[in-house]
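Counting from 1, the numbers follow the sequence of the chain as shown. The basis for the numbers below is simple: all heavy atoms, side chains too, and nothing from hydrogens, waters or symmetry mates. These figures come from a predicted structure and were not determined experimentally. Atoms within each ligand, like the ligands themselves, are counted from 1 in listed order.
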Amino acid sequence: MPKQKRVFSGIQPSGEIHIGNYLGALKQWISFQAAAECIYCIVDLHSLTVDYDPQTLKGRIMDKAIAYLAAGLDPKKTIIFVQSAVPAHTELTWLLSVATPIGDLQRMIQYKEKSKKNPDNINAGLLNYPILMAADILLYQTDIVPVGKDQTQHVELTREIANRFNKRFGQTFQIPKTVLPEKGAKIMSLKEPEKKMSKSDGYDSCIFLFEEPDSIRKKIMAAQTDSGNEIRYNQRRKPGIANLLTIYSLFSDRAIPEIEKEFKNKSYKTFKEQLAQLLIEQLKPFREKKKELQGKEALIQTILDKGAQRAGRIANQTLEKAKKNMGLV
Ligand code: TYM
């Protein structure tokens, strides 16, 4: 039997999971579980690079673990763990930093955007963020990294770092590939559909995976559209409707032209009402599963501890190899 591919990805424990995270990343993660060896991480160290409250960090990590399980990750098949519980991630970050030109870090879009948003806290961690992400991926000899579109530049840089390192110090790392979903790699904000849906851009711009029905309805009915009245997919001219059609299509598993046909000569209001109803129904199992998991924190902590042990064993092998090839061992 051919060797299974290895998959690695992560989400930061900042804010709640929204449908952009789900459609761009988590949904792919879940489908990979059947045929690949999957390792999914809660990347707490990355979340320290912007202002945060240390008092609530532990709770947010647990919330993310609950979200992973409620969305359908299966700890029997998949390794689920917290980044800071495996020290190899920070150690490899240092080793990779000598194979990373500063200019490459300075041109990263996310670095530029976050620096603009947090002008009083442009810390070295924000600049070095992609090296830690490269360490996450390379430690596991990863073949596939399923992410949304905004992370492709970071995975591309990971490939460059790995190639440079392998060339300089000898074959050490597998070169990973980005996998984007066919549709939904960039879900847009409900308020400003020219921008991606992001938890840092306000509560009303996102639908969260565990959102209650009333609030889903309110947000969808208030979503930004254009002044026309046709339910037609046109990314450039009608970005709001195009985004809502994409969401409709992905949650109903129906093609966009079919949905356009169904809503021909119907109003934006009718379309939005039906989309809200669809989301309320489709997100219901997630809300229910989350309620079941709340109160089982001890069990979830055991899953994370076991995950960290299993991840640590794989990560340490790669770390040792990297140190040996660099002349440290
Ligand atoms: P994060 O926590 O910002 O986002 C988690 C995942 O969700 C995807 N995503 C979206 N997809 C579609 N539409 C959107 N509006 C949208 N917003 C977010 C992201 O692309 C991502 O896949 N640096 C990473 C976390 C990370 C990581 C890694 C990922 C750390 N180490 C190693 C992969 C491999 C991040 O901040 O994701």
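Side chains of Gln301 and Asp305: a donor on one and an acceptor on the other come within 3.5 Å. No side-chain donor-acceptor contact under 3.5 Å links Thr246 and Lys183. Inspection of the Tyr111 and Glu113 side chains reveals no N or O donor paired with an N or O acceptor under 3.5 Å. Residues Asp136 and Gln83 bring a donor and an acceptor atom of their side chains to less than 3.5 Å of each other. In summary, the side chains of Asp74 and Gln33 do not present any donor paired with an acceptor at a separation below 3.5 Å, with no hydrogens or angles considered. Side-chain contact annotation: Gln151 with Gln110, donor-acceptor N/O pair under 3.5 Å present. Residues Ser189 and Asp201 bring no donor and acceptor atom of their side chains to less than 3.5 Å of each other. No side-chain N or O of Thr93 forms a donor-acceptor pair with one of Thr90 less than 3.5 Å apart.
Ligand 1 has a nitrogen or oxygen under 3.5 angstrom from a nitrogen or oxygen of Asp150. An N or O contact shorter than 3.5 Å is missing between Phe8 and ligand 1 by distance. In terms of N/O distances under 3.5 Å, ligand 1 is approached by Tyr129.
Counting protein heavy atoms only, atom 5 (C) of ligand 1 is closest to Ile11 CG1, 3.5 Å. Taking atom 28 (C) of ligand 1 as the reference point, the nearest protein heavy-atom neighbour is Met133 CG, 3.5 Å. For atom 22 (O) of ligand 1, the closest non-hydrogen atom on the protein side is Gly148 N, 3.1 Å. The closest protein non-hydrogen atom to atom 10 (C) of ligand 1 is Gly20 O, 3.5 Å. When only non-hydrogen protein atoms are considered, atom 13 (N) of ligand 1 lies nearest to Ile187 N, 2.9 Å. Looking only at protein heavy atoms, the nearest one to atom 37 (O) of ligand 1 is Gln151 NE2, 3.9 Å. The protein heavy atom nearest to atom 25 (C) of ligand 1 is Gly10 O, 3.5 Å.
Expressed to the nearest 0.5 Å, how far CG of Asp51 lies from NZ of Lys117 amounts to 13.0 Å.
Contacts with ligand 1 closer than 4.0 Å are made by side-chain heavy atoms of Ile137 only, the backbone lying farther away. At a heavy-atom cutoff of 4.0 Å, ligand 1 is contacted by the backbone of Lys186 but not by its side chain. Of all the heavy atoms of His18, the ones lying under 4.0 Å from any atom of ligand 1 belong exclusively to the side chain. Contacts of Val147 with ligand 1, taken as heavy-atom pairs under 4.0 Å, involve both backbone and side chain. Counting heavy atoms closer than 4.0 Å to ligand 1, residue His46 contributes side-chain atoms (C-beta onward) but none from N, CA, C or O. When heavy-atom distances to ligand 1 are checked against a 4.0 Å cut-off, Ala25 comes that close only through its side chain, counted from C-beta outward. Residue contacts with ligand 1 for Ala185 involve N, CA, C or O but no side-chain atom from C-beta outward (heavy atoms, distance under 4.0 Å).
Close contacts between ligand 1 and Gln12 involve ligand atoms 2 (O), 35 (C), 36 (O) [criterion: under 4.0 Å to a heavy atom]. If you number the atoms of ligand 1 from 1 as listed, the ones under 4.0 Å from a heavy atom of Ser9 come out as 29 (C), 33 (C), 34 (C). For ligand 1, the atoms lying closer than 4.0 Å to a non-hydrogen atom of Asp136 are 28 (C), 30 (C), 31 (N). Proximity to Gly184 (heavy-atom distance under 4.0 Å) selects the following atoms of ligand 1: 12 (C). Residue Gly24 approaches ligand 1 through these ligand atoms, each under 4.0 Å from one of its heavy atoms: 11 (N), 12 (C).
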Legend entry - Criterion ring-ring contact (aromatic ring centres under 6.0 Å, His included) on Tyr22 and Phe286, from CA distance to verdict: CA-CA 11 Å; Tyr22 175 70; Phe286 299 131; 5.2 Å; yes
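Cation-pi geometry between Lys219 and Tyr203 is satisfied (NZ or CZ under 6.0 Å from the ring centre, within 45° of the ring normal).
Separation of the Tyr248 and Phe271 ring centroids falls under the 6.0 Å cut-off.
Ligand 1 is never approached by Cys41 to a heavy-atom distance shorter than 4.0 Å. The closest approach between any non-hydrogen atom of Val145 and ligand 1 is below 4.0 Å.
The option with the heavy atom closest to atom 4 (O) of ligand 1, from among Val155, Asn21, Thr246, is Asn21.
With Glu37 as the partner, the side chain to side chain donor-acceptor pair (under 3.5 Å) test is satisfied by one option alone out of Gln4, Lys3, Arg6: Arg6.
Ile61 and Phe208 are members of different hydrophobic clusters when ILVMFWY side chains are connected at heavy-atom separations under 4.5 Å.
Put simply, the side chain of Met188 reaches to within 4.5 Å of the side chain of Lys186, judged on heavy atoms.
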